[in-house]
Chemist: 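Please read through the structure below; I'll follow up with questions.
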Amino acid sequence: MTDIILPEVSSGQAELVDPFGRSVTYLRLSVTDRCDFRCVYCMSENMTFLPKKDVLTLEELDRLATAFIDKGVRKLRLTGGEPLVRRNIMSLISDLSRHLKSGALEELTLTTNGSQLRRFAGELFRHGVRRINVSLDTRDPRKFKDITRWGDVDKVLDGIRAAQDVGLQIKINMVALKCFNEDEIGPMLEWCHDEGMDLTLIETMPLGEIDGDRTDQYLPLSLVRGKLVEKFELEDIPYKTGGPARYVKVKQTGGRLGFITPLTHNFCESCNRVRLTCTGTLYMCLGQEDAADLRAPLRASEGNELVSQAIDEAISRKPKGHDFIIDRRHKRPALGRHMSMTGG
Ligand code: SAM
Ligand code: SF4
């Protein structure tokens, strides 16, 4: 197999514009709701997963992703659940890479827990993937086991090395959790930047029933930043990756640090994305229940006309934003669905 040489991307006009004038150019596609970990803030230990018949085939996922790309989506992120545990996922990635070759798609990427990276890093690179996000909340083996319930941090660290060796650029995502990894944020920052990786911190979001209490986990990033500036000089920079993170440059390390703050700072005004689940349900906002079913129109005919209409109709309903709240009075999750359905 030969490596992909990525062409210059044509700056085609986005066709998907929501009622608030925001162009939708970014699709996050959850390819499975299953996962080999059970992170405590994401899933309960005993999850009931979707029956196979409800899950779109790889061909159907490709058809839907292609329908979005035809409508101006430039960035496609595969997520899950854990995208790399979906059977034959590499054949989907290989097929989707044709949109990179044609220049229709600017970026094909994924968010992964890293457990399968040693096996797949080389193939990902060969199919045109250049940057990936790896979730890592702690590097301490015992704490890693506690937070993921089933994970092995050495395997993840080994996967990260494998990805670096083949030339994938890595951004580490770390969910900031009160009394769990607060003290590790500084060391994690230094480690990431030493390794040439960006770090993004994420606030926990109230999605789905979990076994614990979210008020015990929630750590506002405003507090984290307040702590970090005691040791590091942080300079706000306009760097953007197409995501909701706000970046700073860390003077001492020269590296970048991102903050994703759905709770302390609402980032909806610049939202350019929609999320599609592995059953073909399109969520126009991570923080709202409203969704559109694309599976029925997809399965109703072989052509993409019905799907295309359903996408247009869904985008015309994209809401202005979300209003997550985590406090003692709001014990229930803001939304019933888990993050593993929409992939973050
Ligand atoms: N399994 C992959 C992974 O962990 O990277 C991809 C899916 S996971 C749902 C995507 C991201 O969502 C991860 O970085 C994870 O830490 C984050 N996440 C999951 N549940 C969350 C929650 N309730 N609040 C904030 N982030 C969450
Ligand atoms: Fe799995 Fe990712 Fe959720 Fe952890 S955060 S349980 S790795 S889907």
Chemist: What pairs of residues pass the ring pair (Phe, Tyr, Trp, His ring centres under 6.0 Å) test when at least one of them lies in residues 86-108, not counting sequence neighbours?
Modeler: none
Chemist: Starting from Phe20 and following side-chain heavy-atom contacts under 4.5 Å between hydrophobic residues (I, L, V, M, F, W, Y), which residues can be reached?
Modeler: none
Chemist: Supply the atom-to-atom distance Met188 CE to Asp183 CG, rounded to the nearest 0.5 angstrom.
Modeler: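 Those atoms lie 12.5 Å apart.
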Chemist: So, Glu82 versus Thr32: side-chain donor-acceptor pair below 3.5 Å or not?
Modeler: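 Short answer, no.
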Chemist: Pick from Leu27, Asn272, Val274, Asp312: which one makes a side chain to side chain contact (heavy atoms under 4.5 Å, CB included) with Leu16?
Modeler: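 Checked Leu27, Asn272, Val274, Asp312 against Leu16; only one passes side chain to side chain contact (heavy atoms under 4.5 Å, CB included): Asp312.
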Chemist: Under 4.5 Å side-chain heavy-atom separation, chaining through any Ile, Leu, Val, Met, Phe, Trp or Tyr, what else clusters with Leu306? Say none if it is isolated.
Modeler: none
Chemist: Where do Asp36 and Ser115 come nearest, in terms of heavy atoms and distance?
Modeler: OD2-OG, 2.5 Å
Chemist: Roughly how far apart are Asp137 CG and Ile202 CD1, rounded to 0.5 Å?
Modeler: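 Asp137 atom CG to Ile202 atom CD1 measures 8.0 Å (nearest 0.5 Å).
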Chemist: Passes side chain to side chain contact (heavy atoms under 4.5 Å, CB included), Phe120 versus Val129? Steps please.
Modeler: CA-CA 11 Å; Phe120 289 124; Val129 175; over 6 Å; no
Chemist: By the definition salt bridge (charged side-chain N to carboxylate O under 4.0 Å, His left out), identify the one residue from Lys249, Arg246, Arg225 that meets it with Asp236.
Modeler: Arg225
Chemist: Given 3.5 Å as the limit, does a donor-acceptor pair link the side chain of Ser301 with the main chain of Gly303, or not?
Modeler: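 Judged by distance alone, yes, a pair lies under 3.5 Å.
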Chemist: Looking at Asn304, is its backbone amide N or carbonyl O close enough to the side chain of Ser308 to form a donor-acceptor pair, meaning the two atoms are under 3.5 Å apart?
Modeler: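 No, the answer is negative, given that no donor and acceptor are paired below the 3.5 Å cut-off.
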Chemist: So, the side chain of Asp33 versus the backbone of Cys278: is there a donor-acceptor pair under 3.5 Å, distance only?
Modeler: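 No, Asp33 side chain to Cys278 backbone: no donor-acceptor pair under 3.5 Å.
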Chemist: Can Thr277 and Thr279 be counted as having a side-chain donor-acceptor contact under 3.5 angstrom?
Modeler: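 Yes, Thr279 and Thr277 have a side-chain donor paired with an acceptor closer than 3.5 Å.
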Chemist: May I have the step-by-step check of side chain to side chain contact (heavy atoms under 4.5 Å, CB included) for Phe144 and Leu136, ending in yes or no?
Modeler: CA-CA 8 Å; Phe144 190 81; Leu136 183 66; 3.8 Å; yes
Chemist: Of the non-hydrogen atoms in Ser94 and Ser97, which two are nearest, and what is the gap between them?
Modeler: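 Shortest heavy-atom contact: O-OG, 2.6 Å.
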Chemist: Taking everything shown except Glu45 itself, do over 12 heavy atoms lie less than 6.0 Å from its CD?
Modeler: yes
Chemist: Should Arg317 and Glu313 count as an ion pair when the cut-off is N to O under 4.0 Å?
Modeler: yes
Chemist: Just wondering, are more than 12 heavy atoms of other shown residues or ligands nearer than 6.0 Å to NZ in Lys240?
Modeler: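 More than 12 within 6.0 Å, yes.
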Chemist: Would you call Asn113 and Thr148 a side-chain contact if the rule is heavy atoms closer than 4.5 Å?
Modeler: no
Chemist: Per the side-chain hydrogen bond (donor to acceptor under 3.5 Å, both in side chains) rule, which among Arg131, Arg74, Arg77 passes with Glu107?
Modeler: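 With Glu107 as partner, Arg131, Arg74, Arg77 yield a single side-chain hydrogen bond (donor to acceptor under 3.5 Å, both in side chains), made by Arg131.
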Chemist: State, to 0.1 Å, how close Leu105 and Leu100 come at their nearest heavy-atom pair, and which atoms those are.
Modeler: O-CD2, 3.5 Å
Chemist: Going by heavy atoms in the side chains, are Phe37 and Ile147 under 4.5 Å from each other?
Modeler: no
Chemist: Supply the atom-to-atom distance Leu294 CG to Thr281 OG1, rounded to the nearest 0.5 angstrom.
Modeler: 7.5 Å
Chemist: Could you tell me whether the side chain of Lys155 and the main chain of Arg118 form a donor-acceptor pair under 3.5 Å?
Modeler: no
Chemist: Atom CG in Leu29, atom CG in Leu276: separation rounded to 0.5 Å?
Modeler: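 Those atoms lie 5.5 Å apart.
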Chemist: Taking all non-hydrogen atoms of both residues, which atom of Pro319 and which atom of Cys285 are closest, and how far apart?
Modeler: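 Result for this residue pair: CG-CB, 3.6 Å.
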Chemist: Give the C-alpha distance, both sets of side-chain angles, the deciding distance and a yes or no for side chain to side chain contact (heavy atoms under 4.5 Å, CB included) between Met47 and Cys35.
Modeler: CA-CA 10 Å; Met47 293 287 289; Cys35 187; over 6 Å; no
Chemist: Taking distance alone, no hydrogens or angles, what donor-acceptor pairs closer than 3.5 Å link side-chain atoms of residues 162-174 to residues at least two apart or in another chain?
Modeler:
| residue | atom | partner | partner atom | Å |
| --- | --- | --- | --- | --- |
| Gln164 | NE2 | Glu195 | O | 3.1 |
| Lys171 | NZ | Asn173 | OD1 | 2.9 |
| Lys171 | NZ | Thr200 | OG1 | 3.2 |

Chemist: Are the side chain of Glu182 and the backbone N or O of Ala176 linked by a donor-acceptor pair below 3.5 Å?
Modeler: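 Such a contact is absent between Glu182 side chain and Ala176 backbone.
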Chemist: With a 4.0 Å cut-off, would you call Arg98 and Asp62 a salt bridge?
Modeler: yes
Chemist: Can a donor-acceptor pair be found, under 3.5 Å and without considering hydrogens, that links the side chain of Gln252 to the backbone of Glu233?
Modeler: yes
Chemist: For the pair Arg38 (side chain) and Arg149 (backbone), establish whether a donor and an acceptor sit closer than 3.5 Å, ignoring hydrogens and angles.
Modeler: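 Such a contact is absent between Arg38 side chain and Arg149 backbone.
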Chemist: Could you walk me through whether Arg86 and Leu61 pass side chain to side chain contact (heavy atoms under 4.5 Å, CB included), step by step?
Modeler: CA-CA 12 Å; Arg86 171 93 197 231; Leu61 288 171; 3.5 Å; yes
Chemist: Specify the closest pair of heavy atoms between Leu50 and Val55, including all atoms of both residues, with the distance to one decimal.
Modeler: CB-CG2, 4.0 Å
Chemist: Distance from Leu76 atom CG to Phe68 atom CZ, nearest 0.5 Å?
Modeler: 10.0 Å
Chemist: Hydrophobic clusters join Ile, Leu, Val, Met, Phe, Trp and Tyr when side-chain heavy atoms are under 4.5 Å apart, directly or via other members; which others share one with Val85?
Modeler: none
Chemist: Determine whether Val40 and Leu177 make a side-chain contact, defined as any pair of heavy atoms from C-beta on separated by less than 4.5 Å.
Modeler: no
Chemist: Determine whether a donor-acceptor pair (N or O, by modelled atom type, separation under 3.5 Å) exists between the side chain of Asp140 and the backbone of Lys143.
Modeler: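 The answer is yes, because a donor-acceptor pair under 3.5 Å joins these two groups.
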Chemist: For Asp198 and Tyr247, test the side chains for any donor-to-acceptor distance below 3.5 angstrom and give the result as yes or no.
Modeler: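 Side-chain D/A pair, Asp198 to Tyr247: absent.
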Chemist: Check the pair Arg299 / Glu60 against salt bridge (Lys or Arg N to Asp or Glu O under 4.0 Å), numbers first and verdict last.
Modeler: CA-CA 9 Å; Arg299 290 185 173 169; Glu60 287 173 325; 2.7 Å; yes
Chemist: Are Leu201 and Val229 connected into the same hydrophobic cluster when the rule is that any two of I, L, V, M, F, W, Y join if their side-chain heavy atoms are below 4.5 Å apart?
Modeler: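 Hydrophobic grouping puts Val229 with Leu201.
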Chemist: Hey, any chance Leu234 and Tyr239 share a hydrophobic cluster, counting ILVMFWY side chains that come within less than 4.5 Å of each other, even indirectly?
Modeler: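 Cluster IDs for Leu234 and Tyr239 differ.
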Chemist: Mind checking whether Leu219 and Phe180 have side chains closer than 4.5 Å, heavy atoms only?
Modeler: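 The answer is no, as the side chains (C-beta and beyond) never meet within the 4.5 Å cut-off.
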Chemist: Specify the closest pair of heavy atoms between Thr111 and Ser135, including all atoms of both residues, with the distance to one decimal.
Modeler: CG2-OG, 4.2 Å
Chemist: Could you check whether any side-chain N or O of Asp18 sits under 3.5 Å from a backbone N or O of Lys318, counting only pairs where one atom can act as donor and the other as acceptor?
Modeler: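 No; zero donor-acceptor contacts below 3.5 Å.
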Chemist: Hey, what do you get for CG (Leu199) to CZ (Arg256), rounding to the nearest 0.5 Å?
Modeler: 12.0 Å
Chemist: Give the other cluster members for Tyr26, using side-chain heavy-atom distances under 4.5 Å between Ile, Leu, Val, Met, Phe, Trp and Tyr residues; answer none if it is isolated.
Modeler: none
Chemist: Would you say Gln309 and Glu305 make side-chain contact, with heavy atoms under 4.5 Å?
Modeler: yes
